[in-house]
Amino acid sequence: MTLFVIGKPINHSLSPVIHNFWIKKYQIGLEYRKMEVDKESLPSLIEKVRKKEITGLNVTLPYKKDIIKYVDEISDTAKDIGAINTIFLKKNKVYGENTDGIGFTNALEKQAKFNFNDKSIYVLGAGGASYGIISELIRKKVQTIYVANRTKQKTIQLIDYFKRKDKSLNFKFADWENLSPNSDVDLIINTTSFGMMENEFLEINIKNLKDTLILVDIIYNPKETELLKFFRKKGFFCMNGLSMLIEQAAVSFEHWFNISIGNKEIEEVKKICEKSY
Ligand code: ATR
């Protein structure tokens, strides 16, 4: 029996480093591997989970949405997001979960002691990662969610999508061409891939920002995007995406093995990851 992270491409994935460390630590006697797969192999992989030939799967880009149609059931969180990243057998059914959003909020609550309740959040991006994070922000009862995205239509779609579930949600449209958060904003999150390439710098006007503002860029490679560097130099608390990656892995691990990963094991694996890229 094995576990896999599947996607295309998959070479860059840090998930094997994280899970194999905990698997060894808890003497589980399995191996977590990465597997580059084509769309056509998704159904057969799900069948292997059903037959217990595979213990569990993580799913990454570009299959987080496509794979939903092959599993038997998905969680409410996964329904909200419209994507899954974790698969396992539950009561003989192949079950899909999404741990990305909770990974994000766990990272903020633990590393930055951030309390989401009643806060104003400024989200950059309206892609898959943004849906995952926003669905969890809503669960945490934040006050206001501003959304800015390069393609305006996708911002409108995202706001409509969540508003259809709950009309009372307080969403505000923010202009990508003029990123200028107000003084009520407590947290800025970059969920876009802009910043992964050298010299990609997202300009944000900081003149209204409060001193306690936190900036999170969910990119972890490079370790510090130009955006993070700029905010760090200006004295703001900053965080890259590595903690989120490890926290979402910890939630997946708990689903597979019913073992809750403690803060010490999170920190241990973080150090290993930091050295590995
Ligand atoms: P993910 O699941 O990682 O969020 P995605 O669904 O493809 O991936 O979304 C990518 C996000 O990054 C989108 O918000 C995208 O903006 P568009 O909707 O305008 O495409 C954003 N993005 C990617 N490259 C970008 C760039 N060069 N400049 C600005 N935004 C970019």
Side-chain angles (χ1 to χ4, degrees), residues 5-15 37 39 42 57-68 74 77-87 96-105 107 121-138 145-162 171-181 187-205 215-222 225-228 230 239-249 252:
V5 54
I6 57 169
K8 194 178 179 179
I10 199 66
N11 244 337
H12 66 282
S13 177
L14 276 180
S15 294
V37 298
K39 212 175 181 168
L42 299 180
L57 292 171
N58 272 147
V59 186
T60 187
L61 301 178
Y63 303 126
K64 289 185 182 192
K65 281 179 189 292
D66 290 338
I67 204 158
I68 290 184
I74 66 171
T77 308
K79 274 181 207 152
D80 282 351
I81 302 170
I84 55 184
N85 75 337
T86 305
I87 292 174
E97 177 58 281
N98 195 315
T99 67
D100 286 332
I102 189 130
F104 175 82
T105 52
I121 322 282
Y122 197 90
V123 180
L124 304 165
S130 178
Y131 277 75
I133 289 172
I134 287 177
S135 84
E136 208 55 37
L137 297 180
I138 293 168
I145 302 174
Y146 297 87
V147 187
N149 191 55
R150 176 181 60 178
T151 311
K152 271 194 189 127
Q153 193 51 35
K154 281 179 72 182
T155 315
I156 295 166
Q157 265 173 18
L158 179 145
I159 295 178
D160 275 359
Y161 177 82
F162 285 107
F171 272 101
K172 289 192 173 138
F173 184 90
D175 184 8
W176 179 264
E177 303 304 328
N178 174 26
L179 299 170
S180 194
L187 173 67
I188 299 176
I189 312 162
N190 177 34
T191 75
T192 77
S193 45
F194 189 71
M196 282 175 94
M197 302 296 173
E198 228 175 294
N199 298 325
E200 281 184 347
F201 176 55
L202 196 56
E203 225 174 293
I204 300 180
N205 183 350
L215 173 82
V216 181
D217 195 327
I218 70 162
I219 295 171
Y220 58 86
N221 196 2
T225 58
E226 293 299 320
L227 177 69
L228 280 173
F230 175 77
M239 193 191 270
N240 73 7
L242 185 59
S243 294
M244 171 184 173
L245 178 79
I246 297 171
E247 291 287 351
Q248 65 77 28
S252 297

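These figures come from a predicted structure and were not determined experimentally. When a ligand or atom number is given, it counts from 1 through the structure's own listing order.
Scanning the protein for heavy atoms near atom 4 (O) of ligand 1, the closest one is A129 N, 2.9 Å. The nearest heavy-atom contact from the protein to atom 15 (C) of ligand 1 is N149 OD1, 4.0 Å. Atom 11 (C) of ligand 1 has its closest protein heavy atom at T192 CA, 4.1 Å. Of the protein's non-hydrogen atoms, R150 NH1, 3.1 Å is the one closest to atom 26 (C) of ligand 1. From the protein, the heavy atom lying nearest to atom 9 (O) of ligand 1 is G127 CA, 3.4 Å.
In T151, the parts holding a heavy atom less than 4.0 Å from any atom of ligand 1 are both the side chain and the backbone. The proximity of K154 to ligand 1, defined as any non-hydrogen pair under 4.0 Å, is limited to the side chain.
Of the possible donor and acceptor atoms, none in the side chain of S243 sits under 3.5 Å from a partner among the backbone N and O of M239. Counting only distance, with no hydrogens or angles, the side chain of T191 and the backbone of A129 share no donor-acceptor pair below 3.5 Å. Counting only distance, with no hydrogens or angles, the side chain of S13 and the backbone of I10 share no donor-acceptor pair below 3.5 Å.
Heavy atoms from other residues, nucleotides or ligands lying under 6.0 Å from CD of E203 number 12 at most.
Here the CD1-CE distance, from I133 to M244, works out to 4.0 Å after rounding to the nearest 0.5 Å. For the atom pair N149 CG and L158 CG, the distance stands at 8.5 Å (nearest 0.5 Å).
For an aromatic pair to be called close, the ring centres must be under 6.0 Å apart, and F201 with F194 fails this. Between F173 and Y146, a ring centre-to-centre spacing not shorter than 6.0 Å is recorded.
The shortest N/O to N/O separation between A126 and ligand 1 falls below 3.5 Å. Taking any N or O of G128, backbone or side chain, at least one lies under 3.5 Å from an N or O belonging to ligand 1. No N or O atom of W176 sits closer than 3.5 Å to an N or O atom of ligand 1.
Here the closest heavy-atom approach between residue Y122 and residue L179 is recorded as OH-CA, 3.6 Å.
Checking atom 13 (C) of ligand 1 against the protein gives a heavy-atom contact under 4.0 Å. Distance remark: protein heavy atom not present below 4.0 angstrom from atom 7 (O) of ligand 1.
In summary, the atoms of ligand 1 found under 4.0 Å from a heavy atom of S193, numbered by their order in the structure, are 12 (O), 23 (C), 24 (N). Every atom of ligand 1 is numbered from 1 in the order shown, and the set under 4.0 Å from a heavy atom of G125 is 14 (O).
Not a single heavy atom of Y131 lies less than 4.0 angstrom from ligand 1.
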Check against side chain to side chain contact (heavy atoms under 4.5 Å, CB included), E200 and T225: CA-CA 8 Å; E200 281 184 347; T225 58; over 6 Å; no
